[in-house]
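See below for the structure under consideration.
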Amino acid sequence: MTCRRLAVTAAAAVAAAILLLLGVPPLTAAQQGGAAADSDARVAALRRTLDSHPANFNAALELATTLHQLDHAAPNGGKRVPEAAAAYRRAAQLAASPAARAYVNSNLGALLLAGGRVGEAADAMHETLALARQLDMQRSDLYVGTLFNLAKAEQQLGRQEASQALMGQVLELADGVAGGTYLKAWAALKAPSPAQLKEMAACARYLRRKRTGVDEAGLSGRQRTAWHELQARWSWLDGLSEADQSWIGFGLFHAYQQAGRFEDAWRALHEANQLQDRAAPYDPAQDDANTAAILAMFQPPKPASADPAEATYAALMRGAAGFSGGPTRPIFVVGMPRSGSTLVEQILASHSQVWGAGEDTALAPLLPDLLAVLRGGGEVRAAEIQEVGLRYQAEMRGRVPPERAESVVWIVDKMLRNMWNVGFIAMMLPDACILHAARHPADAALSCYAQPFEGRGTPWASNLTAIAHQVELVQRLADHWDVVLPGRVLHVRYEDLIRDQQRTTRRMLQHCGIPWEPGVLDFYTTQRTVATASLAQVRQRLYADSVLQYRRYAAHLAPLLSPMRHWILRYEREAGLESSAALLAEVLGGGEAQQQQQQQQQAAGGPGSSSGSSSGSSRGGSRGGGTSGGPVSRGDKEKARDEL
């Protein structure tokens, strides 16, 4: 079978659309034809310059920054990181002054941190900070930005106390100097004091009124005095983008939650997301097109069909042309963010024969090659599919730390958007284990809304209706793979892990063929770098506080709950959870029949048509917007500031 030619049915018709499915947000046509091509050409030119002039500081620095920017804009599994790091180190050696060397090392630290090389990143950051202190630059963007990144590195390494101590230093040194870093540090603070909460609230109040405008002529004397005090304290933040301003809202959300002030928490969270959504509104059209193409391409196989093409397709979906039998086996964890995927990976990585690669997938850069094979004139050689699978295995195996190379048998790839790529995985990696990390749809959705995702991959997470649409796409795909590849994907519910950790963990290991080790139950003691928003949760025992947490904010979540009503009730039935039917009826009105009618009416306008924009009325209720500057009902200064 592996040597004969295999016909591929239906591939050519949809291959062009599938090319977008790379596990990361694809570049636009302009970016592909402009930035990517131009940058690649520039990289080639800079390499030639350095070959002939190895001591050229400007060429080394430009090569490093170009590769760094490409790694962010068009990820390829971290392949550019080693060359970029080497170019930064060359530039640092060639730098004409300690200040220049400090800036270069700061960039190096940021590159390595994003690339998962946290220990090396911390070393570069410490060198940067030492140079900056020698130059008396503690009150500079360079110093506080590097200090903030070092705090993130400490957090990823599991040193929470050290991380929080550094965040406290960032707040002190960035005040009046680096507005964006200052507000991000507030958002990263885990347990603000009452005085700090008051300071955060005042900062947010100033930024809000600055955005909406203040007519001083309409203020009372005390209000005017209060406004001038706010200006004196916070005007140094003027000019920050709305995206930067949003960070204080995320910080306030968590602080108010800890204080039990849930209405205040919601207002802060909703306002923060409105700012982010306005800065980068999400268009679902591309995800819709990608999903439709996948659903069309991968249909249930018909192995008993007399049609040779159908029989060949069935063989392909069994992985008959794929690569298997290598020294390591892949495990893919797919699904929605904030659904327990980091917990699943942490449990698996606590096994002596498993290594967790995080989201640094090698699959995305290889998919265009696989698709080129599948659409190659209607016929392909099995060896060509095997070769792509072999390259994936080799790439991932090459990322295993040397000290683990001999013991590791399974490698976990936690790129969640591989949910779109399950069909390709089945085709080229027949021995891959696929786990779908699932969680109550409303809990996962609210958790996405509450998390300020920094970077790429979740452009929909600041809009309630867009989140609901993403949940629907992921669930539709999960259902589709159950039909096309029955039994191939194991659905791992977060609530099942909470309810019966050992039984659910055993199911995961058995599905992947991993022998049982009791140590996997003590996952919270495993020391490894965790680079996602869930890193704090995997450092502690399982807890049930986050189950059905959305109900606390249900009154504000109509734009989210309305399109997800069916998925919520179905999930609760299947997971054995208490039904939210009564709560949903109270919040939304009507029952499932009425909801189906509403969905049919909304479908005429397309996905997200009712609230895909950033308007406040479509994103969680009228209470989510800014406050008005009405008359003062009490005379004290603090009340005047509150009114502002």
Side-chain angles (χ1 to χ4, degrees), residues 20 22-51 56-95 99-118 120-121 124-125 128 141-142 144-146 148-150 152-153 178 180-181 184 240-241 243-244 276 279-280 286 358-362 364-365 367-368 395 399 415 417 452-459 531:
L20 296 172
L22 302 181
V24 294
L27 295 171
T28 65
Q31 288 172 322
Q32 289 175 336
D38 290 348
S39 295
D40 286 340
R42 186 59 184 155
V43 164
L46 289 166
R47 287 170 179 156
R48 290 193 295 271
T49 298
L50 285 170
D51 285 342
N56 188 322
F57 167 80
N58 290 331
L61 182 59
E62 187 180 350
L63 175 61
T65 55
T66 302
L67 290 168
H68 193 167
Q69 290 164 357
L70 270 174
D71 184 64
H72 181 80
N76 67 346
K79 290 182 179 179
R80 301 183 189 93
V81 172
E83 184 180 6
Y88 273 133
R89 289 189 171 104
R90 179 187 292 196
Q93 293 173 349
L94 297 172
R101 189 160 65 254
Y103 278 102
V104 171
N105 273 327
S106 180
N107 276 0
L108 173 62
L111 169 80
L112 295 171
L113 182 63
R117 294 161 62 172
V118 184
E120 293 178 71
M125 293 170 195
T128 300
D141 283 327
L142 167 70
V144 297
T146 303
F148 179 84
N149 281 340
L150 181 60
K152 289 174 61 178
T181 303
K184 285 184 178 182
L240 283 180
S241 69
D244 279 338
Q276 289 219 344
Q286 185 169 284
E359 297 178 354
D360 186 20
T361 181
L367 283 182
E395 286 277 354
R399 298 176 192 186
M415 172 51 71
R417 282 189 66 86
F453 289 101
E454 185 178 8
R456 45 191 191 254
T458 53

For a quick test of reading the model, state the closest non-hydrogen atom pair linking [X] to [Y] and the distance between them.
X	Y	result
Ala95	Ala100	CB-CB, 3.9 Å
Ala87	Ala64	CB-CB, 3.6 Å
Asp141	Ala178	OD1-CB, 3.0 Å
Thr181	Val144	CG2-O, 3.8 Å

Measuring from [X]:[atom1] to [Y]:[atom2], what's the distance to the nearest 0.5 Å?
X	Y	atom1	atom2	value
Thr65	Arg42	OG1	CZ	9.5 Å
Arg117	Arg399	CZ	CZ	11.5 Å
Met125	Leu113	CE	CG	4.5 Å
Asp51	Leu46	CG	CG	11.0 Å

Under the side-chain contact (heavy atoms from CB on, under 4.5 Å) test, which residues partner [X], sequence neighbours left out?
X	result
Leu240	Leu183, Leu237, Asp244, Gln245
Ala85	Arg89, Leu108, Leu111, Leu112
Glu83	Arg47, Leu63, Leu67
Ala279	Ala243

### Query
Side-chain contact, heavy-atom cut-off 4.5 Å: Leu142 with Thr146?
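A side-chain contact under 4.5 Å exists here.
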
For [X], which residues count as a side chain to side chain donor-acceptor pair (under 3.5 Å) partner, sequence neighbours excluded?
X	answer
Arg101	none
Asn149	none
Arg48	none

### Query
If we ignore angles and hydrogens, is there a donor and acceptor under 3.5 Å between the side chains of Thr128 and Ser106?
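No, Ser106 and Thr128 have no side-chain donor paired with an acceptor closer than 3.5 Å.
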
#### Entry: Non-neighbouring partners of Arg90 that pass salt bridge (charged side-chain N to carboxylate O under 4.0 Å, His left out), sequence neighbours left out
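In terms of salt bridge (charged side-chain N to carboxylate O under 4.0 Å, His left out), with neighbours along the sequence ignored, Arg90 is linked to no residue.
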
